[in-house]
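Quick note: numbers below take in every heavy atom, side chains included, and nothing from hydrogens, waters or symmetry partners.
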Amino acid sequence: MWKWLHPYAKGEAAYRLLGHWQPWLSGLALILVSVGVIWGLLYAPADYQQGDSYRIIFIHVPSAMFAMGAYTGLAITAFIVLVWQIRTAEWAIAAIAPVGAVLTFISLFTGAVWGKPMWGTWWEWDARLTSQLILFFLYVGVLALYYAFNDSRTGAKAASILALVGVINVPIIHFSVYWWNSLHQGATITRFGDTLMPSSMKMPLYISILGFMFLTAALIVYRLRNEILKQELHRPWAMAQLGVENDHGV
(Lines give C-alpha, C1' and ligand atoms only; values in the text may rest on other atoms or scores of the structure.)
Protein backbone atom coordinates (compact mmCIF):
# COMPACT_ATOMS: atom_id res chain seq x y z
CA MET A 1 0.00 0.00 0.00
CA TRP A 2 3.07 2.25 0.25
CA LYS A 3 3.89 1.98 -3.48
CA TRP A 4 2.47 5.42 -4.22
CA LEU A 5 5.06 6.91 -1.85
CA HIS A 6 8.11 5.37 -3.53
CA PRO A 7 8.48 7.98 -6.32
CA TYR A 8 8.61 10.75 -3.70
CA ALA A 9 11.67 9.25 -2.08
CA LYS A 10 13.53 11.03 -4.88
CA GLY A 11 14.39 14.65 -4.19
CA GLU A 12 13.06 16.08 -7.46
CA ALA A 13 9.66 14.39 -7.18
CA ALA A 14 9.28 15.40 -3.53
CA TYR A 15 10.31 18.98 -4.31
CA ARG A 16 7.68 19.33 -7.04
CA LEU A 17 4.93 17.70 -4.96
CA LEU A 18 5.65 20.00 -2.03
CA GLY A 19 5.64 22.94 -4.41
CA HIS A 20 2.00 22.15 -5.26
CA TRP A 21 1.08 22.00 -1.57
CA GLN A 22 2.94 25.07 -0.39
CA PRO A 23 0.65 27.88 -1.65
CA TRP A 24 -2.48 26.12 -0.37
CA LEU A 25 -1.00 25.46 3.05
CA SER A 26 0.37 29.00 3.31
CA GLY A 27 -2.90 30.61 2.22
CA LEU A 28 -5.02 28.59 4.63
CA ALA A 29 -2.56 29.26 7.45
CA LEU A 30 -2.63 33.02 6.84
CA ILE A 31 -6.43 33.20 6.74
CA LEU A 32 -7.17 30.90 9.69
CA VAL A 33 -4.44 32.17 12.02
CA SER A 34 -5.44 35.78 11.32
CA VAL A 35 -9.14 35.11 11.92
CA GLY A 36 -8.63 32.94 15.00
CA VAL A 37 -6.07 35.13 16.75
CA ILE A 38 -7.73 38.48 15.96
CA TRP A 39 -11.16 37.14 16.96
CA GLY A 40 -9.77 35.67 20.17
CA LEU A 41 -7.62 38.62 21.21
CA LEU A 42 -10.02 41.42 20.29
CA TYR A 43 -13.59 40.16 20.14
CA ALA A 44 -14.01 37.10 22.37
CA PRO A 45 -15.55 37.89 25.77
CA ALA A 46 -13.38 38.18 28.87
CA ASP A 47 -13.23 35.20 31.21
CA TYR A 48 -15.25 35.59 34.40
CA GLN A 49 -12.25 34.58 36.57
CA GLN A 50 -9.12 35.37 34.57
CA GLY A 51 -10.39 38.46 32.79
CA ASP A 52 -8.45 39.33 29.65
CA SER A 53 -5.38 37.38 30.75
CA TYR A 54 -6.86 34.15 29.40
CA ARG A 55 -6.63 35.46 25.81
CA ILE A 56 -3.07 34.17 25.59
CA ILE A 57 -4.59 30.70 25.04
CA PHE A 58 -5.38 31.59 21.43
CA ILE A 59 -1.64 31.47 20.79
CA HIS A 60 -0.41 29.31 23.68
CA VAL A 61 -2.67 26.29 23.19
CA PRO A 62 -2.11 25.89 19.41
CA SER A 63 1.65 26.39 19.70
CA ALA A 64 1.88 23.83 22.53
CA MET A 65 -0.26 21.31 20.64
CA PHE A 66 1.77 21.46 17.46
CA ALA A 67 5.08 21.59 19.29
CA MET A 68 4.14 18.08 20.43
CA GLY A 69 2.59 17.22 17.07
CA ALA A 70 5.73 18.25 15.20
CA TYR A 71 7.87 16.12 17.49
CA THR A 72 5.60 13.12 16.90
CA GLY A 73 6.07 13.68 13.16
CA LEU A 74 9.80 13.99 13.75
CA ALA A 75 9.86 10.64 15.54
CA ILE A 76 7.92 8.97 12.69
CA THR A 77 10.37 10.46 10.21
CA ALA A 78 13.28 9.24 12.34
CA PHE A 79 11.85 5.71 12.29
CA ILE A 80 11.66 5.85 8.48
CA VAL A 81 15.27 7.04 8.36
CA LEU A 82 16.54 4.20 10.54
CA VAL A 83 14.47 1.43 8.95
CA TRP A 84 14.28 2.37 5.25
CA GLN A 85 17.12 4.93 5.02
CA ILE A 86 15.19 7.23 2.70
CA ARG A 87 17.15 10.40 1.94
CA THR A 88 14.08 12.63 1.78
CA ALA A 89 13.17 11.56 5.31
CA GLU A 90 16.68 12.45 6.47
CA TRP A 91 16.27 15.94 5.06
CA ALA A 92 12.83 16.21 6.68
CA ILE A 93 14.50 16.00 10.10
CA ALA A 94 16.33 19.25 9.36
CA ALA A 95 13.01 20.76 8.21
CA ILE A 96 10.82 19.70 11.14
CA ALA A 97 13.13 20.28 14.11
CA PRO A 98 13.56 24.09 13.80
CA VAL A 99 9.81 24.60 13.32
CA GLY A 100 9.06 22.47 16.36
CA ALA A 101 11.68 24.27 18.42
CA VAL A 102 10.15 27.67 17.61
CA LEU A 103 6.64 26.43 18.46
CA THR A 104 7.94 25.05 21.76
CA PHE A 105 9.64 28.35 22.58
CA ILE A 106 6.41 30.25 21.80
CA SER A 107 4.45 27.93 24.08
CA LEU A 108 6.96 28.39 26.90
CA PHE A 109 7.05 32.17 26.48
CA THR A 110 3.27 32.60 26.29
CA GLY A 111 2.88 30.22 29.22
CA ALA A 112 5.21 32.42 31.27
CA VAL A 113 3.26 35.54 30.24
CA TRP A 114 0.04 33.87 31.40
CA GLY A 115 1.62 32.41 34.54
CA LYS A 116 2.81 35.73 35.95
CA PRO A 117 -0.66 37.21 36.62
CA MET A 118 -2.25 33.82 37.38
CA TRP A 119 0.42 32.17 39.54
CA GLY A 120 2.41 35.22 40.58
CA THR A 121 5.60 33.91 38.93
CA TRP A 122 7.06 33.70 35.44
CA TRP A 123 8.30 30.15 35.95
CA GLU A 124 7.58 27.22 38.21
CA TRP A 125 9.19 23.78 38.09
CA ASP A 126 5.78 22.34 37.37
CA ALA A 127 5.55 18.92 35.68
CA ARG A 128 3.96 20.31 32.50
CA LEU A 129 6.35 23.25 32.23
CA THR A 130 9.43 21.16 32.93
CA SER A 131 8.53 18.45 30.42
CA GLN A 132 7.79 21.15 27.81
CA LEU A 133 11.22 22.67 28.47
CA ILE A 134 12.75 19.21 27.97
CA LEU A 135 10.94 19.08 24.62
CA PHE A 136 12.70 22.29 23.59
CA PHE A 137 16.08 20.83 24.54
CA LEU A 138 15.27 17.67 22.59
CA TYR A 139 14.64 19.72 19.47
CA VAL A 140 17.92 21.58 19.99
CA GLY A 141 19.72 18.26 20.57
CA VAL A 142 18.31 16.76 17.37
CA LEU A 143 19.49 19.77 15.37
CA ALA A 144 22.91 19.73 17.05
CA LEU A 145 23.40 16.05 16.20
CA TYR A 146 22.17 16.49 12.65
CA TYR A 147 24.83 19.11 11.91
CA ALA A 148 27.57 17.68 14.14
CA PHE A 149 28.98 15.29 11.55
CA ASN A 150 30.73 15.94 8.27
CA ASP A 151 28.74 13.09 6.75
CA SER A 152 25.11 14.23 6.59
CA ARG A 153 23.79 10.65 6.60
CA THR A 154 25.62 9.87 9.84
CA GLY A 155 24.24 13.06 11.39
CA ALA A 156 20.71 12.18 10.28
CA LYS A 157 20.96 8.71 11.85
CA ALA A 158 22.31 10.09 15.13
CA ALA A 159 19.56 12.71 15.23
CA SER A 160 16.97 10.03 14.44
CA ILE A 161 18.04 7.91 17.43
CA LEU A 162 17.64 10.88 19.79
CA ALA A 163 14.28 11.77 18.22
CA LEU A 164 12.98 8.23 18.78
CA VAL A 165 14.25 8.07 22.34
CA GLY A 166 12.82 11.50 23.14
CA VAL A 167 9.32 10.75 21.85
CA ILE A 168 8.52 9.25 25.27
CA ASN A 169 8.40 12.84 26.50
CA VAL A 170 5.31 13.62 24.38
CA PRO A 171 2.82 11.51 26.40
CA ILE A 172 4.55 12.69 29.58
CA ILE A 173 3.76 16.30 28.60
CA HIS A 174 0.15 15.44 27.83
CA PHE A 175 -0.57 13.40 30.95
CA SER A 176 1.66 15.30 33.39
CA VAL A 177 -1.26 17.34 34.75
CA TYR A 178 -2.99 14.08 35.75
CA TRP A 179 -0.01 12.05 36.94
CA TRP A 180 1.48 14.66 39.27
CA ASN A 181 0.28 17.61 41.33
CA SER A 182 0.37 20.46 38.85
CA LEU A 183 -0.29 24.16 38.79
CA HIS A 184 -1.13 23.85 35.12
CA GLN A 185 -4.81 23.44 34.38
CA GLY A 186 -6.07 20.22 32.85
CA ALA A 187 -7.53 19.71 29.39
CA THR A 188 -10.53 21.81 28.46
CA ILE A 189 -11.05 21.27 24.72
CA THR A 190 -9.96 17.61 24.46
CA ARG A 191 -12.11 16.26 27.29
CA PHE A 192 -15.04 14.01 26.45
CA GLY A 193 -18.42 15.66 26.32
CA ASP A 194 -19.03 19.37 26.37
CA THR A 195 -16.28 21.72 27.44
CA LEU A 196 -16.47 24.43 30.04
CA MET A 197 -15.85 27.12 27.41
CA PRO A 198 -18.73 29.00 25.77
CA SER A 199 -18.98 28.92 21.98
CA SER A 200 -17.83 32.54 21.73
CA MET A 201 -14.46 31.40 23.13
CA LYS A 202 -14.31 27.92 21.60
CA MET A 203 -14.83 28.95 17.99
CA PRO A 204 -11.86 31.33 17.71
CA LEU A 205 -9.72 28.81 19.60
CA TYR A 206 -10.66 26.00 17.22
CA ILE A 207 -9.98 28.25 14.22
CA SER A 208 -6.62 29.25 15.69
CA ILE A 209 -5.70 25.60 16.29
CA LEU A 210 -6.62 24.73 12.71
CA GLY A 211 -4.62 27.70 11.48
CA PHE A 212 -1.55 26.69 13.47
CA MET A 213 -1.84 23.19 12.00
CA PHE A 214 -1.63 24.60 8.47
CA LEU A 215 1.07 27.08 9.54
CA THR A 216 3.21 24.26 10.95
CA ALA A 217 2.76 22.23 7.78
CA ALA A 218 3.51 25.23 5.55
CA LEU A 219 6.73 26.07 7.41
CA ILE A 220 7.91 22.45 7.30
CA VAL A 221 7.16 22.22 3.59
CA TYR A 222 9.01 25.49 2.92
CA ARG A 223 12.07 24.33 4.88
CA LEU A 224 12.03 20.85 3.35
CA ARG A 225 11.98 22.26 -0.19
CA ASN A 226 14.97 24.43 0.68
CA GLU A 227 16.78 21.46 2.23
CA ILE A 228 16.12 19.32 -0.85
CA LEU A 229 17.54 22.02 -3.11
CA LYS A 230 20.61 22.38 -0.90
CA GLN A 231 21.28 18.65 -0.84
CA GLU A 232 20.55 18.14 -4.56
CA LEU A 233 22.40 21.22 -5.79
CA HIS A 234 24.83 19.07 -7.78
CA ARG A 235 21.99 17.64 -9.88
CA PRO A 236 20.88 19.30 -13.14
CA TRP A 237 17.25 19.65 -12.10
CA ALA A 238 18.20 21.57 -8.92
CA MET A 239 20.58 23.86 -10.78
CA ALA A 240 17.90 24.48 -13.39
CA GLN A 241 15.36 25.23 -10.68
CA LEU A 242 17.66 27.76 -9.05
CA GLY A 243 18.29 29.29 -12.44
CA VAL A 244 14.55 29.73 -12.99
CA GLU A 245 14.16 31.30 -9.55
CA ASN A 246 17.13 33.63 -10.10
CA ASP A 247 15.58 34.80 -13.36
CA HIS A 248 12.63 35.98 -11.27
CA GLY A 249 14.86 37.87 -8.88
CA VAL A 250 14.85 35.38 -6.00
Between the side chain of [X] and the main-chain N/O of [Y], is any donor-acceptor distance below 3.5 Å?
X      : Y      : value
Thr104 : Gly100 : yes
Arg87  : Lys10  : no
Tyr139 : Ile96  : no
Arg128 : His174 : yes
Thr130 : Ala127 : no

Are [Y] and [X] co-members of a hydrophobic cluster defined by side-chain heavy atoms under 4.5 Å apart?
X      : Y     : answer
Ile86  : Ile93 : no
Phe66  : Val35 : yes
Ile80  : Trp91 : no
Leu143 : Ile76 : no
Val102 : Val33 : yes

Under the criterion side-chain contact (heavy atoms from CB on, under 4.5 Å), I'd like the reasoning laid out for Ile134 against Ile173: C-alpha separation, chi angles, the key distance, then a yes or no. CA-CA 9 Å; Ile134 292 171; Ile173 295 172; over 6 Å; no

If you take all heavy atoms of [X] and [Y], which pair is closest and at what distance?
X      : Y      : value
Asp52  : Ala46  : OD1-CB, 3.5 Å
Pro98  : Ala95  : CD-O, 3.6 Å
Gly11  : Glu232 : CA-OE2, 3.9 Å
Ala97  : Leu74  : N-CD1, 4.4 Å
Ser53  : Met118 : CB-CE, 3.8 Å
Met201 : Pro45  : CE-O, 3.5 Å

Measuring from atom [atom1] of [X] to atom [atom2] of [Y], what distance do you get when rounded to the nearest 0.5 angstrom?
X      : Y      : atom1 : atom2 : result
Gln231 : Glu90  : CD    : CD    : 8.5 Å
Ile31  : Ser26  : CD1   : OG    : 11.0 Å
Arg225 : Leu17  : CZ    : CG    : 10.0 Å
Thr77  : Leu164 : OG1   : CG    : 10.0 Å
Ile57  : Leu205 : CD1   : CG    : 5.0 Å
Ser208 : Ile38  : OG    : CD1   : 11.0 Å

For [X], does the [atom1] atom sit with more than 12 other heavy atoms under 6.0 Å from it, leaving out its own atoms?
X      : atom1 : result
Leu42  : CG    : yes
Phe149 : CZ    : yes
Asn150 : CG    : no

Test side chain to side chain donor-acceptor pair (under 3.5 Å) applied to Thr88 - qualifying residues, sequence neighbours left out: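 Thr88: no side chain to side chain donor-acceptor pair (under 3.5 Å) contacts found.
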
Applying salt bridge (charged side-chain N to carboxylate O under 4.0 Å, His left out), can you list everything that pairs with Asp47, at least two apart in sequence or on another chain?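 For Asp47, no residue satisfies salt bridge (charged side-chain N to carboxylate O under 4.0 Å, His left out) once neighbours in sequence are set aside.
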
When you compare the side chain of [Y] with that of [X], does any pair of heavy atoms fall below 4.5 Å?
X      : Y      : result
Glu12  : Gln241 : no
Leu145 : Ile161 : no
Leu108 : Phe105 : no
Gln85  : Lys157 : yes

Run the ring-ring contact (aromatic ring centres under 6.0 Å, His included) test against [X] and tell me which residues pass, sequence neighbours left out.
X      : answer
Trp123 : Trp125
Phe58  : Tyr54
Trp122 : none

Donor-acceptor contacts under 3.5 Å from residues 215-224 side chains, at least two apart:
| residue | atom | partner | partner atom | Å |
| --- | --- | --- | --- | --- |
| Thr216 | OG1 | Phe212 | O | 2.8 |
| Arg223 | NH2 | Ala94 | O | 3.2 |

Using the six-membered ring wherever Trp is involved, compare the ring planes of Tyr15 and Trp237 and label them parallel, tilted or perpendicular (cut-offs 30° and 60°).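 Judged by the thresholds at 30° and 60°, the geometry between Tyr15 and Trp237 is tilted.
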
What is the ring orientation for Trp119 with Trp114, classed by angle as parallel under 30°, tilted 30 to 60°, or perpendicular over 60°?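 Judged by the thresholds at 30° and 60°, the geometry between Trp119 and Trp114 is perpendicular.
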
Using side-chain contact (heavy atoms from CB on, under 4.5 Å), reason through Leu242 and Met239 one step at a time and then give a plain yes or no. CA-CA 5 Å; Leu242 285 174; Met239 290 188 287; 5.8 Å; no

